[in-house]
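The sequence lines fix the lettering, A, B, ..., with proteins before strands; numbering per chain opens at 1.
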Amino acid sequence: MLTKLMKYEFKATSRVFLPLLAALILLSIVNRLLNAIGQTTPMAIGTAATVALIVCIIVLTLVMSIQRFRQNFLSNEGYLMMTLPVSTDSLILSKLFVSVIWILANMLSLVVAVMIMISYEYTFREALQILQRLGSLIAENPGYFTAYTLEIILLIILCLSSGILLLYLCLSLSMLVNKRRGLFAFAAFFVISSALQIAAAFANSIAAALGVTGYLRNLRLELWNPYSISQLFILISIAAQAFVCLLFYFSTRFMLKNKLNLQ
Amino acid sequence: MAILECKGLTKKYGKKEALRQIDLQVEPGRIVGLLGPNGSGKSTLLKICTGLLTPTKGAAHIDGRKPDSKTKAIVSYLPEVPYLNDWMKVSDIVAFFRDFYSDFNLTKALDMLRNLSIENQVLKTLSKGTKEKVQLVLVMAREAKLYLLDEPIGGVDPAARDYILNTIIRNYNPEASVVLSTHLITDIEQVLDDVIFLKEGEIVLDCPVDELRESKGMSVDAYFREVFKC
C-alpha cells in the first residue's frame, strides 16, 4: 500500500515541481547562451528571473511539505485519505519519503542549473583539477571514503526527515484544539524547536562536566581516521537525528491514530 | 453479530456535547435512516464510525472491531463534504478507488457514471452536484459490508435523487447494511427498514419503520415533524 500511496503522492506533487524544475534548467541554458553572446541587459533580466525561480522553488518545497500533509490528511481530502484501508504508518511514510525525494531532487536541480550557468572553460579546468585531487584522495583510502560518503548522505536524509516530521507533528498536534488550528501548529513548532535546542545545550554541558569535551579536543581532525573528531561528530549527529526522527514520527503516528479529529 | 455497534458513545467539542451516551446496533442486511435536524449529531456519529473523529467516551465497533484499517476495508463512507482532489480527472479517481479498495466493482462504477452522463473531465470543471454524484458512484460501486452515507441526496436534483435511491436499493446485498443520514425524509422513507431519530445528540427513537407506522398510525415524515416541531 505504501508504494500505491507514494505513486499518488508523486502524481500530485510532480505536476507542481516538474514544470518548475524544467523551467529552471531551461532558464539556466538561456542565461548561459545570453552570456556567451554578451548581451548585458537580457542577461541581467535572465539572472534575476533565475534567482526568483530558485527562491520560488525553495519556498515551494517547504510549503508543499506542509500543504500536502495538512490538505491531504487534515482537511476535506482527509475524508478520503483517512478512510482508506491503509495503515497510519504507510500514510505518514508515503508523505515523508516523497517529500525528502523532492527536496533532494530540487537541490540537485539547483546544482545542475548553477553548473550550467557557470560552465566556462576555466571552471571546467578547475573542476577537473578538483576531481583529480579528490580521486587521488579516494585512492588513498577507498574504504573510508565510501563509509564517509554514506554517513554524510544518511545524515542529510535524517536531517531533512526530522525537519519534515517536526512539521507533521505540529500539524497533527493542532487537532487537540477546536479553533485556530493553524496558529496552534505555529506555536507548537516554536515550542518544540526551542525545547530541542535547550535539550541539546543541556546535553552539551553534561558532556563538558563529564570531561568528554576535553577528550574530544585531544582527538585529531583527520578525514580518514576513524577515531578522529570529525568521524565522532558525524556518528553522534546521526544518532541524535535518528532519535529525534523516531520521537517525532511516533508522536505524529499516535496523534493520527488516536486523536484524529477532522472538522 | 451486529455489523455496527455503539456503546455509551459520547463526543464533546470543547464544552458542547455533540453526542451523549449513544447505544445502538445495526444488524446485517438493514437499511437504516439516521434522521434528525441540522446539528443533531448525525455527521459526528458517522465520522466516529469511520475513525475520522475520536470519541470522548465510549466506543463504536464495526464487525466487532474499533475503527482501523481492517474496518475501513469493509466500510464505504460518503461524507457530506467534497473530498475529491480537484486536479484529478474522473478516470483518475476511479483508478484510485480500484487501487485501494479490493471490493471496488469497476464495471458497476463505469455503468453508473454513464447512466448519470458524467464525462471524463477534470473534477474542478464539474458542478457541485455532479461532484457529489461522482462521490456517490464511487462509494456505491464498492461491495462493502457497511455503507455509511451522510446526506447522500442533499445536493442533487430530484431526477438524480431517484436514480441514487434506486442504486441504493438495487445494490442491496442481503449481507450489507446501509446507514444513511438525512433530513429529506419523504424521499427516502420507502427504502428504509429502520429509523433512528437523533435529537441534540441523543437517540429519541430507534425502531423498525413498519413498527413505527403501526404504533403511531402515521408516516415517518409525519412523525418526524411531530417530534422535531419548532
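Counting heavy atoms from C-beta on, the side chains of M1(A) and F100(B) come closer than 4.5 Å. For the pair F96(B)/L84(A), a side-chain contact is recorded, criterion being any heavy-atom separation below 4.5 Å from C-beta on.
Counted within 6.0 Å of CZ on R98(B), heavy atoms from surrounding residues, nucleotides or ligands total 12 or fewer; the atom is thus considered open. The 12-atom threshold is not exceeded at NZ of K7(B), counting heavy atoms of other residues, nucleotides or ligands nearer than 6.0 Å. Taking a 6.0 Å sphere around CD of E175(B), one finds it holds 12 or fewer heavy atoms contributed by other residues, nucleotides or ligands. Around atom CD of E119(B), no more than 12 heavy atoms belonging to other residues, nucleotides or ligands sit under 6.0 Å away.
Atom CG of L260(A) is separated from atom OG1 of T54(B) by 6.0 Å, given to the nearest 0.5 angstrom. Residue D99(B) holds its CG atom at 4.0 Å from OH of Y8(A), rounded to the nearest 0.5 Å. Rounded to the nearest 0.5 angstrom, K11(A) NZ and W87(B) CH2 are separated by 6.5 Å.
Contacts of M81(A) with chain B are made by side-chain atoms alone, with heavy-atom separations under 4.5 Å and no backbone atom involved. Proximity to chain A is limited to the side chain of F97(B), based on heavy atoms less than 4.5 angstrom apart. Only the side chain of N72(A) has a heavy atom closer than 4.5 Å to any heavy atom of chain B. Contacts between I93(B) and chain A at a heavy-atom distance below 4.5 Å involve the side chain alone, from C-beta outward. Contact annotation for L256(A): neither backbone nor side-chain heavy atoms come within less than 4.5 Å of a heavy atom of chain B. Contacts between T83(A) and chain B at a heavy-atom distance below 4.5 Å involve backbone atoms as well as side-chain atoms. Using a 4.5 Å cut-off between heavy atoms, K70(B) does not touch chain A at all. Neither the backbone nor the side chain of K257(A) comes within less than 4.5 Å of any heavy atom of chain B.
Contact between N76(A) and P82(B) at its shortest, heavy atoms only, is CB-O, 3.5 Å. Here the closest non-hydrogen pair linking N85(B) and E77(A) is OD1-OE1, 2.8 Å. Across every non-hydrogen atom of S69(B) and S87(A), the tightest pair is CB-N, 4.3 Å. For the residue pair M82(A) and K72(B), the shortest heavy atom distance occurs at O-NZ, 2.8 Å.
Contact count versus chain A (heavy atoms, under 4.5 Å) is highest, among L84(B), T50(B), L53(B), for L53(B).
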Item to complete: Dump the intermediate steps for side-chain hydrogen bond (donor to acceptor under 3.5 Å, both in side chains) on Y13(B) and N261(A), then the final yes or no.
Response: CA-CA 10 Å; Y13(B) 294 113; N261(A) 270 312; over 6 Å; no
